[in-house]
Number of protein chains: 2
Amino acid sequence: MAPHTGTASGERRRATIEDVAAAAGVSVATVSRAIRGLPNVAISTRERVSKVADELSYRADPAASRLATGRSQSVGVAVPLLNYWYFSQVVSGAEAVLAAEGYDMIVIGVAGDDARRALLDGATSIHRRVDGLVFVDVPLGDDDTEFLRSRGLAVVTVGNHNAHFPSIGIDDVAVGEIAAEHLLGLGHTRIGIIGGQTGGPLDFPVPDLRRTGYERALRRARIDVDPALEVVGNFSVLGGRDAADSLLATHDRPTAVFAMSDEMAFGALLSAREHGLDVPGEISIVGVDDHDVSVVVGLTTVRQPVADHGARAARLVIEQLTGREVGPTRVERPVELVVRSTTAPLTTARNEVHRPETRSKP
Amino acid sequence: MAPHTGTASGERRRATIEDVAAAAGVSVATVSRAIRGLPNVAISTRERVSKVADELSYRADPAASRLATGRSQSVGVAVPLLNYWYFSQVVSGAEAVLAAEGYDMIVIGVAGDDARRALLDGATSIHRRVDGLVFVDVPLGDDDTEFLRSRGLAVVTVGNHNAHFPSIGIDDVAVGEIAAEHLLGLGHTRIGIIGGQTGGPLDFPVPDLRRTGYERALRRARIDVDPALEVVGNFSVLGGRDAADSLLATHDRPTAVFAMSDEMAFGALLSAREHGLDVPGEISIVGVDDHDVSVVVGLTTVRQPVADHGARAARLVIEQLTGREVGPTRVERPVELVVRSTTAPLTTARNEVHRPETRSKP
DNA sequence: ACCACCTCTGAAAGCGCTTACATGGACGCG
DNA sequence: CGCGTCCATGTAAGCGCTTTCAGAGGTGGT
């Protein structure tokens, strides 16, 4: 059936633009124009070409188009840790709009300093593999920025703000303030805070900002910031648990905890239970994000529209790609306190210190 | 500095293989061979070439390589819903090994019948964009299979089993049996089951298998299977809650519930709480997966190595790509019952029916 | 000294598109 | 009726690699 039979057997050769041209009795240039909807093609020709193309189930080879045009029709999404709820939501949001716009989404894990590698280094360089990139909470150095700009890549950041690229995010200082104020409003004065880590894949400025908000709220309420009440939880459930452990084991433990993510808050919940502390009777806990599961455990949290971050970032990348010059604007999305059942007014009775159950650490 | 200055200003043209060849005083063919480590290149030549390449920070344009070789050095991962814990874990596992092996991972959301579209249809066709594909719980029809084989794509499935491709998964019948037997062993006889949905993006055979295991265990214990105890929860937290709602609202409600995923089990937990039922005092709940958060809520569950599925699938794709002929084998991974605190022996006292709190549905 | 046989290298033909640039005809207008 | 325009189409030059084929030396055996 096909004019050229392909390899030895079976597997028929895919139709190329030449096949279509021959079958439609036009030149390849016309086929190219007709199929991509370019102007200056007679209607009759266009119809004939697309009919033939359909019959041959022709599809332009992306590799060839890429080579010829220099555009890959795909955008990269770089995330530190793909298996964290937050990142998976962002990626999910981005995927939806990228797919809808006909772009491939290639996701790039950039845990640790591989971030650099993925950008600049050898074989792994994203050079020419994507038209644009969204960076989700990955720290960009000056040289990274320079590299990206010199390549003419369309980039958008989520979370982190970078002077040279548009970014999507929330007011992280406000997040800290909202959480702390909620707790302060309930009468708590000793408020623990579980934050990010320094170094490692999750080394980004967000934790600092949220802490700043927390401290600001405390100062405003004329309460001293006690450095002993701050501990890192690396944004995971288990990290949050360990962090809370150290907080709750202290002699003068806090009556409330602000965890900078819901997953860490879950860990804190776990820790509280293991320490035999009633939540919110003996300790209040508030998180950030509004994780799917938060409603299940009744977690009070500061909600942000996570998947939407990804969607907007993707849209912004595409806008840059389709001509519109997008400045290095910062899109700030709203956050919202969602009060559930892990926070309650401080009870006046002084909490006694409980002895934690023994437990083997994983 | 560069022989050809690029566009109008700034942005220097990237070095091509020709630039390297010229600078090293050899032909492009030799550069190609030298850089890719092919044999028959004098050591001195190879060193000179790679030195020059480094200096020019040359990197082969992937589009050009793809066109010339026909290989894209990327594999697609198709998942129904990217924002579900299970899928994000699988993707995460796959990403790690793909990145390590130098492949791009393009993730493709295939909710609903878009699955077909992503495979066969027009602009979205994966034709020539990937060398291989892993399908995570996406149903493959005969024509899909035929399409994939005719294209010579390396494919691996996770979850679903397909006669023509290797697959990674677990013994889902056993999962149902293990869960049910655990509950039966605790004395429960009325065991609700929250399963998948029919139709929609999550229409795959796994729920049937797990139900089969559940029924098998019941029959073995000489307990009739009550169709009224089966309800669908579409694998989400909220779906699980609604499903549990309908189970718990019945006059003769179950004393235990087997949810086919932890997320649905979370929903069931929520529902139980809203119905004022003590877990595990009045109702036992068991899930499947061992979600990150399961430890927090103390959920008893049947654990499977989710991220590992993705890693193994990716590895299998790569093996096919690098020559090794991998048969349509089925790799069955172990599952394990993890007993926590949402399951307990049936109390002899007949549970009274509680009236659910009023609640507005979202 | 001759020949067979390696090893290393280069020339050139693609891979399948896109896109100036050129061309020919139809049409409008003075 | 002649000429300038404009539209539809074709020609061909890339895009930046890979890979076949052939050739130039160099080695070793006889």
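So you know, we letter chains A, B, ... as the sequences are listed, proteins then strands, and number each from 1. This one's a predicted model, so the numbers in the text were calculated from it and none came from an experiment.
- Taking a heavy-atom distance under 4.0 Å as the criterion, the stretch of DNA chain C touched by chain B extends 5' to 3' from C/dC8 to C/dG16.
- Atoms CD1 (A/Ile17) and C1' (D/dG10) sit 13 Å apart, rounded to a whole Å.
- Taking a 6.0 Å sphere around CD of B/Glu55, one finds it holds more than 12 heavy atoms contributed by other residues, nucleotides or ligands.
- In this model, no donor atom of one side chain and acceptor atom of the other lie less than 3.5 Å apart for B/Ser88 and B/Asn83.
- The shortest heavy-atom contact between B/Tyr58 and B/Arg14 is C-NH2, 4.2 Å.
- Judged by the 6.0 Å and 45° rule, A/Arg149 forms no cation-pi pair with A/Phe147.
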Only distances under 3.5 Å count here; give the side-chain donor-acceptor pairs of residues 30-42 of chain A to other protein atoms, sequence neighbours excluded, each with its distance to 0.1 Å.
unit_1	atom_1	unit_2	atom_2	d
A/Thr30	OG1	A/Ser27	OG	3.3
A/Ser32	OG	A/Arg36	NE	3.4
A/Ser32	OG	A/Arg36	NH2	3.2
A/Arg36	NE	A/Ser32	O	3.4

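- Checked by atom type, the side-chain pair B/Thr145/B/His164 shows no donor-acceptor distance below 3.5 Å.
- For A/Asp308, the salt bridge (charged side-chain N to carboxylate O under 4.0 Å, His left out) test picks out A/Arg312, A/Arg333, with sequence neighbours left out.
- Counted by atom type alone, A/Arg66 and A/Ser72 present zero donor-acceptor pairs between their side chains at under 3.5 Å.
- Donor-acceptor pairing under 3.5 Å is lacking for the side chains of B/Thr157 and B/Asn162.
- For residues 32-53 of chain A, proximity to DNA chain C is found at A/Ser32, A/Arg33, A/Arg36, defined as any non-hydrogen atom under 4.0 angstrom from a strand atom.
- Of the residues in residues 22-31 of chain A, those with a non-hydrogen atom less than 4.0 angstrom from any atom of DNA chain D are A/Gly25, A/Val26, A/Ser27, A/Ala29, A/Thr30.
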Show me the donor-acceptor pairs, under 3.5 Å and distance only, between side chains in residues 98-109 of chain B and residues at least two apart or in other chains.
unit_1	atom_1	unit_2	atom_2	d
B/Asp104	OD1	A/Arg129	NH1	2.1
B/Asp104	OD2	A/Arg129	NH1	3.1

